[in-house]
Amino acid sequence: MPKREIAELLRGSVGVGTDVAVRGWVRTRRDSKAGLSFLQINDGSCFASLQVVADGTLPNYAQEIQHLGSGCAVTVRGELVESMGRGQSVEIRATEIAVEGWVDDADTYPISPKRHSFEFLREVAHLRPRTNTFGAVARVRNCLAQAVHRFFDASGYLWIHTPIITASDTEGAGELFRVSTLDLAHLPRDADGAPDFSRDFFGREAFLTVSGQLNVEAYCLALSKVYTFGPTFRAENSNTSRHLAEFWMIEPETAFADLSDNADLAEALLKHLFRTVLEERADDMEFFAQRIHPDAISRLQAVVDQPFERMTYAEAVRALQDAKKKFAFEVSWGADLQSEHERYLTEEYVRRPVVVTNYPKGIKPFYMRLDDGGETVAAMDVLAPGIGEIVGGSQREERLDVLDSRLVECGIDPAPYGWYRDLRRYGTVPHAGFGLGLERTISYVSGMANVRDVIPFPRTPGSADF
RNA sequence: UCCUCAGUAGCUCAAUGGUAGAGCAUCCGGCUGUUAACCGGAGGGUUGUAGGUUCGAGUCCUACCUGAGGAGCCA
């Protein structure tokens with residue numbers, strides 16, 4: 001008897017009348033005193049559960065089946081039949097139900113068949129994938145990750161596995177987590193009494209990466225079209241619904257490309273991701289639209305159907321200054337846009353994703369290409385309704401002399417950047433790239449308001465359970 | 001890190017400074033090709049922690065802990 005995924009059976013790819021076996025976990029049991037029970041079985045292969053009809057004549061009916069409850073693991077064998085009830089087209093008429101794993105104490109099993117707050121479910125992160133919501137999030141997350149690779153592969157980009165451990169502590173993007181094997185209780189000291197990192201594992205200080213960008217630029221300037229996709233770490237004490245200490249980031253880098261090409265790529269990537277998830281995870285998206293965010297589907301559809309708005313930072317500042325809305329922070333040229341400003345632009349001013357470009361150089365890092373005029377850099381942020389900044393990127397400074405003066409201007413010691421400067425010494429070309437936060441993308445797609453609920457085991461300040 | 005709010009049954013929440021309750025979940029019984037099932041019953045509590053005010057504190061005060069929302073930082 002072939003074992004089947006529930007998704008296959010509900011898709012109709014197995015004929016009615018076939019003997020099948022399914023394995024999964026009981027969601028609910030409903031008894032009929034007419035002498036049969038109905039089990040909803042879910043195996044995670046799709047959003048829906050499969051109804052199993054258990055007749056009272058089954059040998060373990062009274063002993064076992066009538067005591068099955070939410071969370072129990074079972075193997076069901078039987079015939080796939082057209083359902084006599086409403087609500088599902090097919091069901092399994094069981095000939096055998098084997099209990100694989102009981103629920104130890106149904107009274108305290110956290111995932112009872114009722115509504116739970118996301119805050120509570122975070123405390124049982126090892127069990128929350130058994131809920132409708134977190135099953136859907138997991139499938140959508142997988143769908144998006146697979147779509148990222150398919151998009152880049154089809155576009156001729158190479159996936160570059162940039163290092164997780166980095167020796168540079170001055171990449172300019174936030175606080176870093178230290179990687180060390182030194183004995184903290186007996187820390188070796190140098191002559192000045194400072195920790196002697198020459199005795200550390202790598203013979204120097206080392207950290208977890210905050211971005212694969214600098215490394216991937218090296219491969220970009222040889223292989224033309226490359227991207228990284230992996231975990232990223234920031235030791236910022238950020239306590240918001242949009243920040244994690246460990247998150248996944250997608251960072252493409254394109255040679256012979258300028259800022260406009262870069263924005264085109266970001267737009268094409270986002271549209272591809274949204275189109276794919278609407279198509280391949282229609283069941284989960286339907287759930288998100290019904291229970292999580294009413295516009296979950298319609299707003300993705302809208303993004304896919306129309307071009308992104310584009311405006312320069314200067315235009316954005318003007319729009320904000322002309323806005324009737326009162327902001328807590330005043331808008332003036334030279335200052336970074338506040339969250340409230342970004343939100344106004346994308347949610348009220350253009351009401352869809354918007355690419356803001358050419359920010360003042362003073363608020364952007366050294367590696368962004370200086371624009372003609374010398375006041376702005378070729379930076380771009382993609383702002384999306386509901387989450388704000390979803391993409392941050394730029395055309396990179398490919399001119400060695402300008403890069404050097406920018407390093408000085410930003411007060412950065414050029415010494416550790418020898419290899420990065422080499423890329424400008426030997427066959428430099430214009431190139432551009434950006435970072436797309438996977439969790440923020442999932443958050444936007446699903447309508448899940450907190451990125452802690454779109455990653456399996458969230459790491460945030462003061463919290464690394466599981 | 002800063003500001004604001006919240007911690008009461010397994011969960012979601014009530015309770016004027018005066019006997020701690022409901023719904024859901026769980027268990028038991030009834031009913032039904034059921035499907036957010038329905039009806040009845042039962043068990044379930046050191047009110048986040050430590051102090052303080054008061055005849056009396058879930059409620060008021062102080063500190064701390066935890067969580068959430070917002071800000072900053074950013075993806």
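The structure presented is a predicted model; accordingly, all values stated were derived computationally and were not measured. Residue numbering restarts at 1 for every chain, and letters A, B, ... go by the order of the sequence lines.
Taking 4.0 angstrom as the limit, A/S339 places a side-chain polar atom (N or O) nearer than this to OP1 or OP2 of B/G72.
Put simply, the side chain of A/D31 and the base of B/U34 share no donor and acceptor less than 3.5 Å apart. Counting distance only, with no hydrogens placed and no angle test, the side-chain atoms of A/Q88 and the base atoms of B/U34 include a donor-acceptor pair under 3.5 Å.
Within 4.0 Å of A/I250, counting heavy atoms only, lies no atom of the nucleic acid at all. Among the atoms of the strands shown, only primed sugar atoms or phosphate atoms (P, OP1, OP2) are found under 4.0 Å from some heavy atom of A/M249. Across all strands, A/S241 comes closer than 4.0 Å only to sugar-phosphate atoms, never to a base (heavy-atom distances).
Partners of A/R141 under the salt bridge (charged side-chain N to carboxylate O under 4.0 Å, His left out) rule, at least two apart in sequence or in another chain, are A/E439. Residues passing the side chain to side chain donor-acceptor pair (under 3.5 Å) test with A/R452: none are found, sequence neighbours excluded.
Between B/U1, B/A75, B/C73, one nucleotide has an atom nearer to the side chain of A/R242 than all others, and that is B/C73. Checked against B/A68, B/G33, B/C73, the side chain of A/E91 finds its nearest nucleotide in B/G33. The side chain of A/P113 approaches B/A25 more closely than any other nucleotide in the set B/A71, B/A25, B/G72.
Nucleotide B/U49 forms a Watson-Crick or G-U wobble pair with B/A63, both donor-acceptor distances falling under 3.5 Å. Partner assigned to B/A14 is none, using Watson-Crick or G-U wobble distances below 3.5 angstrom.
Residues A/L273 and A/F151 have side chains not in contact (no heavy-atom distance under 4.5 Å, counting atoms from C-beta outward).
Between A/F466 and A/F457, the ring-plane angle classifies as tilted under the 30° and 60° cut-offs.
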Are any protein N/O atoms closer than 3.5 Å to N/O atoms in nucleotides 8-13 of chain B? If there are, list each pair with its distance.
from  : atom 1 : to     : atom 2 : distance (Å)
B/C11 : O2'    : A/K114 : NZ     : 3.0
B/C11 : O2'    : A/H116 : ND1    : 3.4
B/C11 : O2     : A/K114 : NZ     : 3.0
B/U12 : OP1    : A/S117 : OG     : 2.6

